[in-house]
Number of protein chains: 2
Amino acid sequence: MKQETRKEEIIRVAAKLFKEKGYSAVTMRDLATAMGIKAASLYNHINSKQDILNTIIISIAEEFTQGMKLVQDSKLSCIDKLKQIVALHVKIASENIYGMASLNNDWMHLETQLNYYLSLRDNYEKDFLSIIQQGIESSELKNVNPEIVMFSMLTTLRSLYIWIPKKEELNANDLANNLNKVLIHGINI
Amino acid sequence: MKQETRKEEIIRVAAKLFKEKGYSAVTMRDLATAMGIKAASLYNHINSKQDILNTIIISIAEEFTQGMKLVQDSKLSCIDKLKQIVALHVKIASENIYGMASLNNDWMHLETQLNYYLSLRDNYEKDFLSIIQQGIESSELKNVNPEIVMFSMLTTLRSLYIWIPKKEELNANDLANNLNKVLIHGINI
DNA sequence: ATCACTAACTAACAAGTGTTAGTTTAAGGA
DNA sequence: TCCTTAAACTAACACTTGTTAGTTAGTGAT
C-alpha cells in the first residue's frame, strides 16, 4: 500500500469539496481550511486550482477510455460487453466517488485540457453506441433506438456516484448484477 | 400568448447561463452582458442572484410534485403510472431545458429554500418508489430491487435535458414511447 | 404640463478571489 | 554542527464579486 503524498491528499480533499459545492464555489481558502493549513501553503504542493481539476478529471476519463479499449478488444458477445461496461462504471465510480462528481458537473471548467477531455468522451460514446448497434444487427438485442439505449444506460452509470454512498450494504458485484438485470432485461413480466 | 416580462426574460437568460457554466461561475456582469445592459440595472427587476436561482428551481420542483400527485390519484396500473411519469419528465424537461440543469446541478446553492426543495425531492422519490413496490407486489413487475429500478429510471429521466437538445428531430411523444420501451421492457431479445 | 412609472445609467463599496514573495520552523543526514 | 529539504507561515497584490445609492431619460395618463 503506497503512502499518500501531501499533494495527493490535497487533490483527494479537493475532490470531496468539489462534489459538495462544485468547482467554482470552492475557494482555495475553503480547501486550505479543510486541510488544516493556510491557503498560501497549498502552493507548496500544487500549481493552481485549475491544475487540481485537470488532475481529477483527466485521470478518471483516461481510466474509462482504457477500460473501453479492453472491452472492445475482447471477443465477448454484445450483451457480455455491455455487462463489462456496467462493471467498469461500478468499479471506477466506487473508487472515485468524489472525482466522478467533478467529471460529471465541472468538466466545462477545464481550460487547456477541455478539448482533450471532450475527445475522450466523444470516442467513448461512439464506442458504446457501436456495441449496441452491432447487438441489434446480430439480433442479440431488440430493435430499439440505439441512441436512446446508450443515453439511458450511460446516464444511469454516470450517476452511480450519487447513489453508491447511500447504499453501502450493496457490494460492487451485487450492484453490477442488479443493474444488469434492470438495464438489459427490463422490469416488466 | 402572454407577453414575457423583463423579469421573466432575465430569469430565462440566467437559466441558460447557469446551464452552461453553473450558478457559481455566472456573475451578475455575465448576466447583464447577455441581456445587453449593465449589472446594476438588473436590480430594477430582480432582488438578488440568489432569488433568481430560487425561482428557477422551486417552480420546476413544484411542477414535478404536482404531476406526481395526479399520477398517484389516478386508477392506472403500475406500468401505466410509470409511463405517465416518463411522459411527465419528457414534458417538463422539454419546456425547461435550461432550468433542469440548475435543478440537477445547483440545488445545493439554494439557501433559504434548500430544505423546502429537499423535502419536495424526498417526497417525490418516496412516491416513485412506492409505485414500483406496488407493481412488484401485484406481480405486474419482475421481482427486481425496487431502489435500483427507481435510481435507474430517475437518473435517466433527470438527464433528459442534456439529451433532448441533441435530438430535436424526435418529438415528445416519440421520445416518451422509446424511453418506455427501453426502461420498462429491456433491450435483450 | 405635471406626474408616476419603467428601465436604463455611473460610481462606488466592502468582501472575497487566486496567487506570489519572502520568511520561519522542524526534521534528518553529512 | 551545518546544510538541505519539506511544509508551514505572514503579508500583500491586483482583480472580481454582489450589491447599493443616486441619477437620468423616455413613455403614457391625468
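Proteins come first, then strands; the chains are lettered A, B, ... in the order of their sequence lines, and each starts at number 1. The structure displayed is predicted, hence computed values, not measured ones.
Formation of a donor-acceptor pair under 3.5 Å by the A/Glu140 side chain with backbone atoms of A/Cys78 is found in this model. In terms of modelled atom types and a separation under 3.5 Å, the side chain of B/Asp30 and the main chain of B/Val26 share no donor-acceptor contact. The backbone N or O of B/Glu111 sits less than 3.5 Å from a side-chain atom of B/Gln50, completing a donor-acceptor pair.
Annotation: the span from A/Ile164 atom CD1 to A/Ser94 atom OG amounts to 4.0 Å, rounded to 0.5 Å.
Among all heavy-atom pairs drawn from B/Asp106 and B/Tyr23, the shortest one is OD2-N, 2.9 Å.
Residues B/Leu76 and B/Ile132 do not share a hydrophobic cluster, defined by chaining ILVMFWY side chains whose heavy atoms lie under 4.5 Å apart.
B/Tyr161 is linked by a side-chain hydrogen bond (donor to acceptor under 3.5 Å, both in side chains) to B/Asn105, counting only residues two or more places apart in sequence or in another chain.
Remark: nothing in residues 51-59 of chain B comes within less than 4.0 Å of DNA chain C through any heavy atom.
Taking atom CE on B/Met35 and atom P on C/dC9, their separation rounds to 11 Å, with Å as the unit. Whole-Å rounding puts the A/Arg6 CZ to D/dA7 P distance at 8 Å. Rounded to whole Å, atom C1' of D/dA6 lies 15 Å from atom CG of A/Leu42. Per the geometry, CD1 belonging to A/Ile10 stands 12 Å off C1' belonging to D/dA6, to the nearest Å.
Residues B/Thr155 and A/Thr155 have side chains that never bring a donor and an acceptor to within less than 3.5 angstrom of each other.
Identified under the salt bridge (charged side-chain N to carboxylate O under 4.0 Å, His left out) test for residues 157-172 of chain B, with sequence neighbours left out: A/Glu147-B/Lys167, B/Glu125-B/Arg158. Within the structure, every pair that satisfies the salt bridge (charged side-chain N to carboxylate O under 4.0 Å, His left out) test and touches residues 63-92 of chain A, not counting sequence neighbours, is listed here: A/Lys91-A/Glu95.
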- Query: Can you give one letter per nucleotide of nucleotides 13-25 of chain D, 5' to 3': B if a protein heavy atom sits under 4.0 Å from the base, S if only from the sugar-phosphate, - if neither?
  - Reply: ----BBBBB----
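The side chain of A/Ser41 contributes an N or O atom lying less than 4.0 Å from OP1 or OP2 of D/dC9. Listed pair B/His45 / C/dA7 meets the phosphate criterion, a side-chain N or O lying under 4.0 Å from OP1 or OP2.
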Hey, what are the protein-to-nucleotides 23-27 of chain C N/O distances that come in under 3.5 Å?
none

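Partner of A/Phe64 under the ring-ring contact (aromatic ring centres under 6.0 Å, His included) criterion, out of A/Phe128, A/Tyr117, A/Tyr124: A/Tyr124 alone.
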